[in-house]
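FYI, the numbering just counts along the sequence from 1. Just so it is clear, the values below take in all heavy atoms, side chains as well, and ignore hydrogens, waters and symmetry mates.
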Amino acid sequence: MDAAAATDTTTASVVEVKDGAVSVASAFAAYQEAVQDRDIKFLSKAVEEAYKGVECGDGGPFGAVVVRNDEVVISCHNMVLRNTDPTAHAEVTAVREACKKLNQIELSDCEIYASCEPCPMCFGAIHLSRIKRLVYGAKAEAAIAIGFDDFIADALRGTGFYQKAHLEIKQADGTGAVIAGQVFEKTKAKFAMY
């Protein structure tokens with residue numbers, strides 16, 4: 001097969017052959033776009049949970065989704081008020097429920113999508129469950145702006161916990177970050193802190 005034919009057949013798989021060299025830059029760009037679309041899909045589900053939790057009075061505007069093999073394992077929201085439990089944050093609840101559903105304490109083949117940057121307790125639960133990837137929407141400052149404790153941001157960012165964790169941590173970009181940030185603005189009148 002000549003170079004021109006190789007180019008024609010590999011274009012469909014987003015790989016270019018030019019002067020005998022293979023370029024994967026376009027393949028990487030396509031992969032990045034697919035990952036971003038996937039992240040938005042699952043982060044949107046976490047944001048839906050955040051709204052749901054406030055609407056039904058279960059707790060604050062936080063949602064989390066545990067995903068394995070591109071399938072939702074569990075989708076949860078903050079349950080602090082409903083359970084009268086200050087540890088029933090969305091991420092902790094999602095980790096607990098995913099472990100129960102999968103009948104295992106290690107979630108190393110799972111990812112978690114959180115509507116907001118996790119607090120230290122939630123980050124600890126994520127880390128201890130060995131989840132491999134965390135994608136969050138809004139920065140902690142969005143929660144702080146409507147009255148949540150600034151301990152959320154300072155406790156983790158002031159330490160090396162993020163860097164020492166054996167998981168990929170990513171804030172969603174573009175649309176994902178915007179829709180997650182809007183949760184706080186849109187629910188602040190419905191959710192009074194104390």
Side-chain angles (χ1 to χ4, degrees), residues 42-68 72-172 180-181 183-184 186-188 190-194:
F42 293 122
L43 187 58
S44 295
K45 181 79 173 149
V47 169
E48 287 173 21
E49 281 290 340
Y51 283 116
K52 180 179 169 184
V54 171
E55 288 299 318
C56 64
D58 287 346
F62 302 94
V65 176
V66 174
V67 174
R68 181 171 76 167
V72 173
V73 173
I74 199 80
S75 182
C76 296
H77 54 264
N78 184 291
M79 302 288 284
V80 168
L81 298 177
R82 180 177 184 180
N83 295 350
T84 319
D85 177 359
T87 70
H89 290 194
E91 299 91 336
V92 171
T93 301
V95 167
R96 288 174 180 160
E97 294 302 316
C99 287
K100 284 180 194 172
K101 185 172 182 179
L102 298 173
N103 195 31
Q104 59 191 46
I105 61 168
E106 185 177 289
L107 302 174
S108 59
D109 58 346
C110 296
E111 301 167 278
I112 190 165
Y113 290 81
S115 62
C116 186
E117 185 175 15
C119 75
M121 177 185 67
C122 293
F123 184 78
I126 292 165
H127 174 72
L128 291 172
S129 71
R130 303 297 186 242
I131 286 177
K132 65 181 176 180
R133 185 167 184 256
L134 158 65
V135 178
Y136 66 90
K139 287 198 148 288
E141 285 76 12
I144 293 165
I146 67 164
F148 286 89
D149 196 333
D150 62 1
F151 174 74
I152 295 170
D154 293 343
L156 286 176
R157 292 186 194 151
T159 69
F161 286 150
Y162 269 173
Q163 292 75 27
K164 291 178 185 175
H166 296 292
L167 73 144
E168 177 188 339
I169 302 169
K170 174 189 178 215
Q171 181 186 15
V183 171
F184 297 98
K186 291 181 177 180
T187 63
K188 68 182 179 185
K190 294 179 183 176
F191 183 77
M193 281 298 294
Y194 299 105

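- Between Ile74 and Lys100, every side-chain heavy-atom pair lies at or beyond the 4.5 Å cut-off.
- Counted within 6.0 Å of CG on Leu128, heavy atoms from surrounding residues, nucleotides or ligands total more than 12; the atom is thus considered enclosed.
- Closest heavy-atom contact between Ala180 and Ser115: CB-O, 3.2 Å.
- Contact between Ala125 and Val92 at its shortest, heavy atoms only, is CB-CG2, 4.0 Å.
- Across all their heavy atoms, Asn78 and Gly59 have their closest contact at OD1-CA, 3.3 Å.
- The two residues Gly137 and Ala172 come nearest to each other via the heavy atoms CA-CB, 4.4 Å.
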Quiz item: Does the pair Leu102 and Cys110 meet the rule for a side chain to side chain contact (heavy atoms under 4.5 Å, CB included), with working shown?
Solution: CA-CA 11 Å; Leu102 298 173; Cys110 296; 4.0 Å; yes

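- For the atom pair CG (Leu134) and CD (Glu117), the distance works out to 9.0 Å, reported to the nearest 0.5 Å.
- Residues Ile146 and Pro61 are in side-chain contact: their nearest non-hydrogen atoms beyond the backbone lie under 4.5 Å apart.
- Qualifying ring pair (Phe, Tyr, Trp, His ring centres under 6.0 Å) partners for Tyr51, counting only residues two or more places apart in sequence or in other chains: none.
- Between Tyr113 and Phe42, the angle of the ring planes lies from 30° to 60°, which puts this pair in the tilted group.
- The shortest side-chain heavy-atom distance between Ile131 and Glu91 does not fall under the 4.5 Å cut-off.
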Quiz prompt | Glu55 and Lys52: CA distance, side-chain angles, deciding distance, salt bridge (charged side-chain N to carboxylate O under 4.0 Å, His left out) verdict | solution = CA-CA 5 Å; Glu55 288 299 318; Lys52 180 179 169 184; over 6 Å; no

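- Side-chain atoms of Lys132 and Ser108, non-hydrogen and from C-beta on, never get closer than 4.5 Å to each other.
- Across every non-hydrogen atom of Ala94 and Ala64, the tightest pair is CB-CB, 3.9 Å.
- In this structure the side chain of Ile112 never reaches within 4.5 angstrom of the side chain of Pro118, judged on heavy atoms.
- A distance of 10.5 Å separates NZ in Lys45 from SG in Cys76, rounded to the nearest 0.5 Å.
- Under the side chain to side chain donor-acceptor pair (under 3.5 Å) test applied with His77, the options Glu49, Arg82, His89 reduce to a single match, Glu49.
- The two residues Ala143 and Cys116 come nearest to each other via the heavy atoms CB-SG, 4.3 Å.
- The CZ atom of Arg96 sits 14.5 Å away from atom CD1 of Ile105, with the distance rounded to the nearest 0.5 Å.
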